[in-house]
Amino acid sequence: MRVLLLLVFLSDYTVDGLYQKSLNWNNHPNGEYKDSTAKSDFGNIRGWKNNRAYISGGSPRITLEKNALSGACGMIANMDLPSGTAYELDFDLKFHSQFDWSRGGKVGFGFGLGNGNTGCNPATDGNGGSLRIMWYNDNSNRVYLKPYVYYKDMPTNCGDDFGVSYPSSGSLRKGAWYKIHLYVKSNTGSDKNGHVQVKINGAAVLDRAIRWTTNDSKRQINRLMFHSFRGGSQTYWQSTTDGYIYYDNLQIKQIA
Ligand SMILES: *[C@@H]1O[C@H](CO)[C@@H](O)[C@H](O)[C@H]1NC(C)=O
């Protein structure tokens, strides 16, 4: 019976009570990636935008609209996860060969804990946190990926990158796939015994202990984020052209 269920619901299942999801979009035809399809793929996903989601050659492609930022530019979709204290995920991402880096933005899948703080709403009250990835153009000919983290001890109002980047020298390449791995473990109580890890193409970009929260009722990982947009809030984060980001091979695994 268990084997049959796994075959039927291959993209979304539990193993010993722990949540897992695996999506490669290979069986999706080219065309608009509708909200209804996204809901059957992801579950209770909110914030989907039909007109900015497209399946292209077995990969979802998100459009980042010109002359816009944040939700007006791209897509900010969130999905509830079964609450857990340790999760990991993997996905592939690719910037279109003509992508305009502009200043940067949020890219791909991430996790929220407790209140799931984002948007320069600092997590210093100890009630939430998040881990996402940004691409960033430092305006001195380097464009890179970096962690973007909200947590109890974050030093400023907006997400912390811990001063690390990928690649550690040189720039990202357009039209190339990158493999992202994220791992989040909740801390307990007010201890700094949580963990955050970001690996890109197998290299450990960030791997450290962290205090995400101090409120025991807010410590769990409860949200999958799928965010693709430019910004930043100042107009210099915008682009004058539409941009496309591709994703593939999403795997989410609850560890505890
Ligand atoms: C901790 O979370 C609970 C549940 O949401 C909330 O009622 C309480 O105010 C929070 N405590 C603090 C100190 O923020």
Side-chain angles (χ1 to χ4, degrees), residues 12-21 35 38-39 41-49 70-71 74-89 91 106-134 146-164 181-198 206-229 231-233 250 252-256:
D12 194 343
Y13 52 92
T14 59
V15 175
D16 296 331
L18 298 172
Y19 175 86
Q20 295 193 16
K21 176 179 287 296
D35 186 64
K39 282 200 165 68
D41 285 343
F42 286 97
N44 61 345
I45 197 155
R46 300 174 297 277
W48 199 261
K49 293 218 169 80
S70 196
M75 197 161 81
I76 303 176
N78 295 299
M79 187 193 104
D80 295 333
L81 289 173
S83 291
T85 54
Y87 263 96
E88 64 181 5
L89 68 74
F91 67 97
K106 312 302 181 295
V107 58
F109 297 91
F111 289 119
L113 303 87
N115 290 349
N117 296 59
T118 59
C120 299
N121 171 24
T124 46
D125 66 359
N127 284 321
S130 63
L131 168 63
R132 290 174 294 165
I133 302 292
M134 287 187 72
K146 63 178 190 173
Y148 193 65
V149 189
Y150 286 73
Y151 60 106
K152 166 68 181 172
D153 300 302
M154 59 194 293
T156 64
N157 284 349
C158 302
D160 190 8
D161 63 15
F162 295 92
V164 298
H181 176 81
L182 307 182
Y183 168 69
V184 168
K185 180 173 171 279
S186 302
N187 62 293
T188 55
S190 289
D191 296 331
K192 295 184 178 175
N193 60 357
H195 205 91
V196 58
Q197 185 185 66
V198 175
L206 181 67
D207 190 7
R208 57 171 292 152
I210 192 169
R211 176 165 66 171
W212 291 104
T213 61
T214 48
N215 187 337
D216 213 42
S217 65
K218 299 287 191 181
R219 73 190 177 98
Q220 296 203 330
I221 302 138
N222 56 18
R223 189 176 303 174
L224 175 73
M225 300 178 170
F226 183 29
H227 295 182
S228 311
F229 59 87
S233 56
L250 174 65
I252 307 166
K253 189 174 175 190
Q254 184 184 8
I255 296 163

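Counting starts at 1 for both ligands and their atoms, in listed order. Remember, it's a predicted structure, so these values are computed and weren't measured experimentally.
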For Asn215 and ligand 1, does the shortest N/O to N/O distance drop below 3.5 Å? yes

Look at [atom] and say whether a protein heavy atom is found at less than 4.0 angstrom from it.
{"atom": "atom 5 (O) of ligand 1", "result": "yes"}
{"atom": "atom 2 (O) of ligand 1", "result": "yes"}
{"atom": "atom 13 (C) of ligand 1", "result": "no"}

Donor-acceptor pair, distance only, cut-off 3.5 Å: does the side chain of Asn193 make one with the backbone of Thr188? yes

Report, in ascending order of atom number, the atoms of ligand 1 lying under 4.0 Å from any heavy atom of Ser217. 1 (C), 2 (O), 3 (C), 4 (C)

Heavy atoms only, cut-off 4.0 Å: how does Asn127 contact ligand 1, side chain, backbone, both, or neither? side chain

Report yes or no: is the cationic atom of Lys106 (NZ for Lys, CZ for Arg) under 6.0 Å from the centre of the six-membered ring of Tyr148, at an angle within 45° of the ring normal? yes

I'd like to know if Arg46 pairs up with Asp80 as an ion pair, taking the criterion as any Lys NZ or Arg NE/NH1/NH2 lying under 4.0 Å from an Asp or Glu carboxylate oxygen. yes

Enter the distance from Phe42:CZ to Trp48:CH2 here, rounded to the nearest 0.5 Å. 4.5 Å

Phe162 vs Tyr151 aromatic rings, parallel, tilted or perpendicular, using cut-offs 30° and 60°? parallel

